[in-house]
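Notes for the one structure printed next.
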Amino acid sequence: RKLLVLPIELRLALVALFGIGLLVLGWRLRARQRVYALSVQGGGIGVLYLTIYSSFALYHLLPAGLAFGLLVAVTAAAGVLAVLQDARSLAVFGILGGFLAPVLVSTGSNNYIALFTYYALLDLAILGIAWFKAWRVLNVLGFLFTFGIGTLWGVNYYVPENFATTEPFLVLFTAMYLVIPVLFAMRVEPPRLRGFVDSTLMFGTPILAFGLQSRLVGDTKY
C-alpha cells in the first residue's frame, strides 16, 4: 500500500500538468466547440490557481515570491487567451485571479509599493484591453479591486510618512480609470450616438479619489 502513496510534491505536479492539459485541450477545440473549449480552458486556469495557492498556503512547498510569479504568469496567460479568442468570460476569470493573487500569497509584510505597482500593471493591461474590446465588466472589476484594496490598505496601514510613495499611485490609478471609460465609450456605438460613458467609472473614480486624497492630506494644514 505504501508504494501507491505518492509524495505531495508529485501529486501537486500531476494536478498542475492536468490543468495545463485542460488549457491545451480547450485551445485545440476552440474552432469546433467554442463554448465547451472556453469552459475547459477556464477549468484549467482554475486548477492552476488552486494548485499554486495550495502549494504555497497549505503545504508550504513554494516561497511567496515564486508563488506570486506563477500566479502572475497564469493571469497573463488567461488574458492572452481571452483576447485571442474574444472571450470576455475568460478575461474576467483571469483578472479576478490576478487581483486576488497578492492577497492569497500575502506574508503580512505590508509591502504596499510592490502591491500597488503590481495592481498598476494589471490596470494597464485592462487599459490595453479597453482599447480593443468594450468589456465593461472587466473595467468595473479592475476599478473595484484597485480602489477597494487601496481603501482597505489606507484605512489600516497608511501613515503620513508614506505620503510621497502613496500619492503617485493614487494619481496614476485615478488617471487610468478616467481614461478607461472614455475608451469604452469610443468602442460602443449605438445608433445615432458616438457612444456613452460608463457612469460607474466616470463618476465613481473622482468621488473615491477625492475621499482617498482627503485621507492622505488629513494631517496637512489647509
Side-chain angles (χ1 to χ4, degrees), residues 1-85 87-126 128-129 138 141-142 144-146 148-150 152-153 156-157:
R1 292 181 179 178
K2 291 184 178 180
L3 295 176
L4 298 177
V5 178
L6 299 176
I8 186 61
E9 296 88 348
L10 182 56
R11 280 183 278 172
L12 289 170
L14 291 174
V15 173
L17 288 175
F18 175 70
I20 294 173
L22 289 177
L23 288 177
V24 173
L25 176 62
W27 177 258
R28 292 173 64 89
L29 294 175
R30 68 189 187 282
R32 289 176 290 170
Q33 303 179 47
R34 175 177 170 82
V35 175
Y36 177 70
L38 292 177
S39 299
V40 170
Q41 291 176 57
I45 292 169
V47 167
L48 290 175
Y49 274 134
L50 291 175
T51 303
I52 296 168
Y53 174 71
S54 299
S55 300
F56 165 74
L58 301 182
Y59 301 106
H60 310 291
L61 297 175
L62 294 176
L66 178 57
F68 179 70
L70 291 173
L71 289 172
V72 171
V74 174
T75 300
V80 171
L81 289 173
V83 173
L84 290 176
Q85 300 172 92
R88 179 172 54 185
S89 59
L90 205 58
V92 169
F93 197 60
I95 286 296
L96 281 174
F99 276 104
L100 288 173
V103 178
L104 295 176
V105 299
S106 173
T107 59
S109 62
N110 190 27
N111 189 352
Y112 65 94
I113 294 178
L115 173 66
F116 292 152
T117 299
Y118 170 65
Y119 274 11
L121 292 175
L122 283 179
D123 290 331
L124 283 173
I126 293 175
I129 293 174
L138 201 65
L141 277 176
L144 292 176
F145 270 103
T146 299
I149 298 296
L152 288 176
W153 175 85
N156 293 302
Y157 298 106

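Pairing each heavy atom of L22 with each of G43, the nearest pair is CD1-C, 4.0 Å. Contact record, L81 with L23: CD1-CD2, 4.1 Å, taken as the closest heavy-atom pair. The nearest pair of heavy atoms linking G26 to A37 is O-CB, 3.1 Å. The minimum heavy-atom distance between Q41 and W27, with the atom names listed, is NE2-N, 3.7 Å. The nearest pair of heavy atoms linking L12 to S55 is CD1-OG, 3.4 Å. Between A78 and G94, the closest heavy-atom pair is CB-CA, 3.7 Å.
Taking the side chain as every heavy atom from C-beta outward, L14 and L6 approach each other to under 4.5 Å. Contact check for F145 versus I95: no side-chain heavy atoms found under the 4.5 Å cut-off. Contact of the V40 side chain with the L29 side chain is not registered, since no non-hydrogen atoms from C-beta on lie closer than 4.5 Å.
Of the inter-residue distances, the one linking Y118 atom OH with D123 atom CG reads 10.5 Å to the nearest 0.5 angstrom. Remark: I20 CD1 to I45 CD1 distance equals 12.0 Å, nearest 0.5 Å. Between L100 atom CG and I149 atom CD1 the span is 7.5 Å, to the nearest 0.5 Å. Interatomic distance, CG of L122 versus CG of L141, reported as 12.0 Å (0.5 Å rounding). Atom CG of L96 and atom CG of L138 lie 9.0 Å apart (nearest 0.5 Å). Atoms OH and OG1, on Y49 and T75 in that order, are 2.5 Å from each other to the nearest 0.5 Å.
Around the CZ atom of R30, the shell of radius 6.0 Å holds more than 12 heavy atoms that belong to other residues, nucleotides or ligands. With a 6.0 Å radius and a threshold of 12 heavy atoms from other residues, nucleotides or ligands, R28 has its CZ atom at or below the threshold.
Residues that satisfy the side chain to side chain donor-acceptor pair (under 3.5 Å) test with Y112, not counting sequence neighbours, are N162, T165.
Relative orientation of the Y119 and F99 rings is perpendicular, given thresholds of 30° and 60° on the angle between their planes.
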*Start with the C-alpha distance between L70 and F56, add both sets of side-chain angles, then the distance that settles side chain to side chain contact (heavy atoms under 4.5 Å, CB included), and finish with yes or no.*
CA-CA 11 Å; L70 291 173; F56 165 74; over 6 Å; no

